[in-house]
Amino acid sequence: MIEITRAAEPVRTHDLWIEGWRPARSGATFPTYDPATGQVLAHLARGGAEDVNDAVRAATRAGAAWAKVDPNERARLLWKLGELILHHVDELARTEALDTGKPISNARAIDIPRAADTFFYFSGWATKLHGETIPVRGPFFHYTVREPIGVIGAIIPWNFPILLAARKLAPSLAVGNAVVLKPPEEASLSCLRLAELCAEVGLPPGLVSVVTGYGHEAGAALVAHPGVGKIAFTGGTDTGKIVMASAASGLKRLQLELGGKSPNIVLADADVAQAAKAAVSAAFYNQGELCTSGSRLLVDRAIEAEVLAVLTKGTEAMVMGDPLSAQTQIGPLVSAEHRDRVRGYVALGTEEGATLAVGGQALGPGYFVRPAVFTGVRPEARLAQEEVFGPVLSVIPFDGVDEAVRIANSTAFGLAAGVWTRDLGTAHRMIGALRAGTVWVNTYNRFDAASPYGGVGQSGFGRENGAAVLDEVTTRKTVWIAVPE
Ligand code: NDP
């Protein structure tokens, strides 16, 4: 039993944010839960197609004016938004911890400051968006200009709501787009607060809307809406395929940040203690509810025993508790349904013949599961192939670098990979051989607003962050001007 203390607070109902607060047209709401207690945390407006229509209409109007706003002014407002997010770091971190179950210390140190960073970084791009002049055959002055797409539909999951919202909003707004955001049904509160902060800094009404609701209702309506020029989606691979099929009928632009089953590879020459210690946070940071989680730990047989000793000890030492406690390192999983899914994978691991070295127990109240380490997992086992998106680590032994690469590349995903080695040559060969959008060497789970991020294969396509995302949120117009000789 985990000890949770909560002061009694009124359970509020939150409206949609479309040019300000307003209920869903249907008047319907749905509950969202505190994962630490299983109690209702708030009620959210259940947005549907009509609400999405309203939001897109408002975004179209606001976006047309916003695109003409002096880039310096766009930059100033986005910077101010970053400052305002930092100003509210304690409040936002608490909201995120209550709503998602993540430890408040993580939200305070990472989610909220990194969301602010994203606005700081992209505010700079507002004034640096230029085209090219290109020499062509003939008497022509030929150049390109970048233009905003118009209305961007953003759909995000529950594991890092405000941070992922920032990643969608900041570049889109910097270059002159409007955004309609469909936050996750499990954890929408920080996104709603972000919309309020957008208004507070002076972003025009309608430029950013937040339509809470279910994916198959509000989300599907957003993807299908003809007034939306592009969908920026982060979520599961299966949902990504549904989104892609729907976007295809309108030939909508698409960016898909999907699931992963990332290999974290410890070679025989690695600093074993450092690698094994890092493997614990690589697998269990944010309860393993992280798309890049190092959920497959590939270990050279020569050092396996040494790695396992540090790994199991480190895993057992992780402090599981109330997400609002500063000491907590592991909070509850986001929902009862997700907890049951994760527990299903713990049962599957044993059925498939792997050894449960530590963890896997469910605890109440709420949706806690102790971080689980399975050893002797076969690379082709379902546990090693499917994304659990929770605190379940598969340890897979290998013999030598070639086998490590073969196993690492043996899933359908290609989001990220980690390599631990002291040999620079080996590191470079591995970087080339690994099928992944990001490779970390002697570190893991590093992100930066300036660093392009995305996957290959079933992990999706398109890039978020860095200058790379500018191609995703703009179109290039090519101009030919005849210059008589
Ligand atoms: P889902 O794919 O279930 O949901 C993601 C979002 O899509 C939610 O807002 C959801 O709404 C919405 N949605 C669901 N169905 C539809 C639909 N038919 N049309 C439009 N939108 C829809 O993912 P989870 O929320 O369970 O998140 C976990 C997944 O996200 C994992 O696979 C993880 O790997 C991935 N992820 C990827 C990241 C990356 O950058 N590559 C980063 C973080 C997570 P609702 O909330 O109602 O379900």
Side-chain angles (χ1 to χ4, degrees), residues 30-33 44-49 52 99-100 102 111 114 153-168 180-189 191 210-225 228 231-249 252 254-262 285-295 333-335 337-339 341-342 386-390 411-416 436-438 445 447 451-465 469:
F30 64 100
T32 179
Y33 298 90
L44 301 171
R46 183 170 164 183
V52 166
D99 209 6
T100 67
K102 69 174 62 212
D111 300 51
R114 296 291 167 85
I155 300 177
I156 57 167
W158 41 260
N159 58 341
F160 287 84
I162 196 170
L163 180 54
L164 295 178
R167 283 190 186 180
K168 308 286 189 219
V180 177
L181 172 68
K182 207 304 274 175
E185 68 182 62
E186 295 88 348
S188 293
L189 297 178
C191 291
V210 178
V211 182
T212 51
Y214 294 125
H216 65 279
E217 294 178 353
L222 188 58
V223 178
H225 199 291
V228 173
I231 293 291
F233 174 85
T234 299
T237 297
D238 290 342
T239 318
K241 289 176 185 171
I242 295 170
V243 166
M244 190 166 176
S246 167
S249 63
K252 214 158 271 169
L254 202 54
Q255 186 186 342
L256 295 178
E257 306 287 343
L258 307 178
K261 191 74 190 180
S262 300
Y285 185 77
N286 210 55
Q287 300 76 241
E289 294 169 328
L290 183 65
C291 46
T292 54
S293 137
S295 54
L333 300 181
V334 75
S335 65
E337 189 191 359
H338 189 50
R339 185 238 0 242
R341 196 175 156 272
V342 168
E386 297 175 13
E387 184 182 44
V388 179
F389 212 61
T411 75
F413 298 107
L415 194 54
T438 296
N445 271 340
F447 306 94
S451 165
Y453 168 78
V456 298
Q458 301 284 304
S459 295
F461 51 78
R463 288 295 176 268
E464 232 165 32
N465 283 344
V469 75

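Remember, it's 1-based here, ligands and their atoms both numbered in the order they're listed. Bear in mind that the values here come from a model prediction, so they are computed numbers and not experimental data.
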Can a non-hydrogen atom of G455 be found less than 4.0 Å from any atom of ligand 1?
no

Return the closest protein heavy atom for atom 24 (P) of ligand 1 as residue, atom name and distance.
W158 NE1, 3.5 Å

In the protein, what heavy atom is nearest to atom 28 (C) of ligand 1, and what distance, to one decimal place, separates them?
F389 CE2, 3.4 Å

Of all the non-hydrogen atoms in the protein, which one sits nearest to atom 14 (C) of ligand 1, and at what distance?
T239 CG2, 3.4 Å

For atom 13 (N) of ligand 1, what is the closest protein heavy atom, and at what distance to 0.1 Å?
G215 CA, 3.4 Å

Which protein heavy atom lies closest to atom 48 (O) of ligand 1, and at what distance to 0.1 Å?
E185 OE1, 3.5 Å

Closest to atom 12 (C) of ligand 1 among protein heavy atoms sits I155 CG2, 3.6 Å

For R46, is there an ion pair with E185 - N to carboxylate O distance below 4.0 angstrom?
no

Which residue supplies the protein heavy atom nearest to atom 36 (N) of ligand 1, what is that atom called, and how far is it?
C291 CB, 3.6 Å

Kindly write out the residues that satisfy side chain to side chain donor-acceptor pair (under 3.5 Å) with N445, not counting sequence neighbours, or none if the list is empty.
T292

Determine whether the side chain, the backbone, both or neither of T292 has a heavy atom under 4.0 Å from any heavy atom of ligand 1.
neither

Please write down residue, atom name and distance for the protein heavy atom closest to atom 23 (O) of ligand 1.
G236 N, 3.4 Å

Please enumerate all residues that pass side-chain contact (heavy atoms from CB on, under 4.5 Å) together with L254, with sequence neighbours excluded.
I231, V243, M244, A247, L256, F461

Under 4.0 Å from a heavy atom of N159: give me the atoms of ligand 1 that qualify, with their elements.
43 (C), 44 (C)

Atoms in ligand 1 flagged as close to E186, the criterion being non-hydrogen separation under 4.0 Å
46 (O)

Less than 4.0 Å between atom 3 (O) of ligand 1 and some protein heavy atom, yes or no?
yes

For F389 and W158, take the angle between the two ring planes, folded into 0 to 90°, and tell me which bin it lands in: parallel under 30, tilted 30 to 60, perpendicular over 60.
perpendicular

